[in-house]
A.B. asks: 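Attaching a single structure in structure tokens format; questions to follow.
Chain identifiers are assigned alphabetically (A, B, ...) following the order of the sequence lines, protein sequences preceding nucleic acid strands; residue numbering begins at 1 within each chain.
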Amino acid sequence: MAASKKAKSARKTSSGKGQKAGGSMTNNLTSDAYRTHTCGALRSADVGEQVHVSGWVHRVRDHGGLLFIDLRDHYGLTQCVIEPENPEFSKAEVARSEWVLKISGKVVDRSSDNLNPDLPTGEVEVRIENIEVLSEASELPLPVFNEPDYPEETRLTYRFLDLRRETLHANIVKRATIIASIRRRMTDAGFFEFQTPILTASSPEGARDFLVPSRMHPGKFYALPQAPQQFKQLVMIAGFDRYFQIAPCFRDEDARADRSPGEFYQLDIEMSFVSQEDVFNAVEPVMRDLFEEFADGKPVTQNFPQITYAESLQKYGSDKPDLRNPIEMEDVTEHFRGSGFKIFAGQIKKDDKVRVWAIPAKTGGSRAFCDRMNSWAQGEGQPGLGYIFFREISLPDEAFSDLKHPLKELSIKQQIPSSQESGETFVPQSASTYIGGAGPVAKNIGEDRTEALRKQLNLGIGDAVFFVCGVPKKFADFAGQARTKVGEDLDLVDRDRFDFCWIVDYPMFEWDEDAKKVDFSHNPFSMPQGGLEALETKDPLDVLAYQYDIVCNGVELSSGAIRNHKPEIMRKAFGIAGYDESVLEEKFGGMLRALQYGAPPHGGIAPGVDRIVMLLCGEPNIREVTMFPMNQQAEDLLMGAPSEVSAQQLRELHIRLNLPKS
RNA sequence: GGGGGUGUAGCUCAGUUGGUUAGAGCGCUGGCCUGUCACGCCAGAGGCCGCGGGUUCGAGUCCCGUCACUCCCGCCA
């Protein structure tokens, strides 16, 4: 796989970077008991010096008459060399991978044909005079040298070895550097980092809580915070004005590739006396500059566009659009109304909520691709995916004798490079051809409608368009998946960019089909747009909230809101969602009380730290940016968590087990 | 809770239509080698083919079950 290639190049870059990151460690060590230099420090300027280096045996190359040891530490790699005449040779000879050695000797120049340009220390080597074995290593279950893919289970069980490996080591260092940068940026912007409790109260909303039994209060439990949501609002009400925290959050839900089971970190932010725009103005530069700092030169959106939730759904079929994908869907319902494509026309006639959305697919204009999309759609449980693809078609003979022949007129019209209006370049048609739609849909709706569609979507020869039809709420998600698939399969997505946007104007409430009632669509503490009046006068499902997300490359990075700081609006909002005032009092009593003693208007946001690091490390899996992750079953294979506890511990907690039969 | 993928040497993998003694690379052990940096060469050890059952003269291969890991759906205000 590409993993080993990647590993090799990572070795070069991160050795260099490691030295920068650990610059203070290179020469001013307080003691030279173990080392005078790190393994990444030596350069030709050090030639002639008597040095100690300590580290792990990365690799041994035994030539019989000459033996090389690559000694590795956090900072880099240094080649050490010894000859058999040396009395220390017998010690060098037995050293194996990952033993820990202290090597003393003189720094020497490598002759010009022996340089290793791939190594920052590649101009010199240490001529071994003394070896001290600090620690031996058993045969490795997981090699540190080279980085083939290893089974997750082995990697997690021997995480300490895995963490020595180049890519993961570099990712974790990058994570630390990113977090340090976040702290600096937030502090510089006038925010204070406050700690909030880890043992707190269970909250009825949201995810499943992790519970911690109380010894002092039999039968009662603490909960680990799903987020410091209420605390940060209380911090605002307490007058601290600007808060942030790299906050651990705990949710007892199943894992995904981008979601650790159990715990994750948020850059939790809250500000007083702010509007939504104020929050944007504070957070956007932090995110943009942070990404620019760590993006390795990839372009980052300078001004995050604001896209409404409704528009995002319509154009991208998702509230977390990947804007690197240039495809924007369009409503083309009118082209199908009363058309010969009965499947769509019939639905449109029956229900005025029915829409047809088009997914334009530039360069997708082949029957093979369209058929592939169609069978993909069927695999997704859809009846199929209607399509038209455009190709150059010769005019029929009769068109040449009849100037007014519709196809001839079409051909002439198409030769006006309408594409130039949009800056696109089409291959111009010759006088004897026209751009015609192919496929069952085109056949059924006819030349005129097909041409109108082509014009609206600005498509040309070699392009295609796919159609989804139905009630948007039901098909939007599928349409979004189709958009993503078209973009990726046709390679229309520019992967070397960070494309940000704000998604704004989320609905305050949504219809809960299971419970057959109106419920909060996001955060129950959000301020409804229009305040109390909107709640009293509008259909709840039409009320928008001051609720927003940051999305980057199709990843939901964070969500936030201007909070509801008025108790009467809160009571009303919870009432609409069907919560009795007593429930509100019981579950959010502290919050409600706080709002009654002078709460400032406030709001905030909480970007996901793990996902930021994933994006910046280019890793699709959160375990690649987490030092000690749990596996998918939420087990820590290294430490053995979760584990059974003693009967004594259970007794103290007043807990008796009632285990499932298996 | 549901669906998909994977499971063969310490590790990564190959293993044809069911057919003799299950192979390779890395690692490990031993030997040779003075300029390598994925060192090279020679030899060797190392296998409950995840586990259980079935079909068959014969199963790594087919069938059923089960377990583990992983990806996805549900879930994640």
A.B. asks: OP1, OP2 of B:U70 versus side-chain N and O of A:Q633: anything below 4.0 Å?
C.D. replies: yes
A.B. asks: Is the ring of A:H63 stacked on the base of B:U36, with centres less than 5.5 Å apart and planes under 30° off?
C.D. replies: no
A.B. asks: On a plain distance test, is the side chain of A:D254 in donor-acceptor contact with the base of B:G74 below 3.5 Å?
C.D. replies: yes
A.B. asks: Is B:G19 paired to anything, Watson-Crick or G-U wobble with both distances less than 3.5 Å, and if yes, which nucleotide?
C.D. replies: B:C57
A.B. asks: When you get a sec, tell me which of B:C71, B:C33, B:C11 is the closest nucleotide to the side chain of A:Y150?
C.D. replies: B:C11
A.B. asks: Can you identify which nucleotide, out of B:G74, B:C28, B:U36, has its nearest atom closest to the A:R256 side chain?
C.D. replies: B:G74
A.B. asks: Confirm from the modelled atom types if A:R259 and B:C76 form a donor-acceptor pair under 3.5 Å, side chain to base only.
C.D. replies: yes
A.B. asks: Can you tell me the distance, in whole Å, between the CZ atom of A:R611 and the P atom of B:C76?
C.D. replies: 14 Å
A.B. asks: Tell me what A:R563 touches on the nucleic acid: a base, only sugar-phosphate, or nothing, going by heavy atoms under 4.0 Å.
C.D. replies: nothing
A.B. asks: Determine the interatomic distance between P on B:G27 and the same-named atom on B:U66; round to the nearest Å.
C.D. replies: 41 Å
A.B. asks: To the nearest Å, give me how far apart CD (A:E153) and P (B:C69) are.
C.D. replies: 6 Å
A.B. asks: Using Watson-Crick or G-U wobble geometry with both distances under 3.5 Å, which nucleotide pairs with B:A68?
C.D. replies: B:U6
A.B. asks: Determine whether a donor-acceptor pair (one donor, one acceptor, N or O, separation below 3.5 Å) exists between the side chain of A:R59 and the base of B:G27.
C.D. replies: no
A.B. asks: By the 4.0 Å heavy-atom rule, please label A:I69 as base, sugar-phosphate, or nothing.
C.D. replies: nothing
A.B. asks: Quick one: do A:K320 and A:D549 make a salt bridge, cutoff under 4.0 Å?
C.D. replies: no
A.B. asks: Spell out, as yes or no, whether a donor-acceptor pair under 3.5 Å connects the side chain of A:R208 to the backbone of A:D252.
C.D. replies: yes
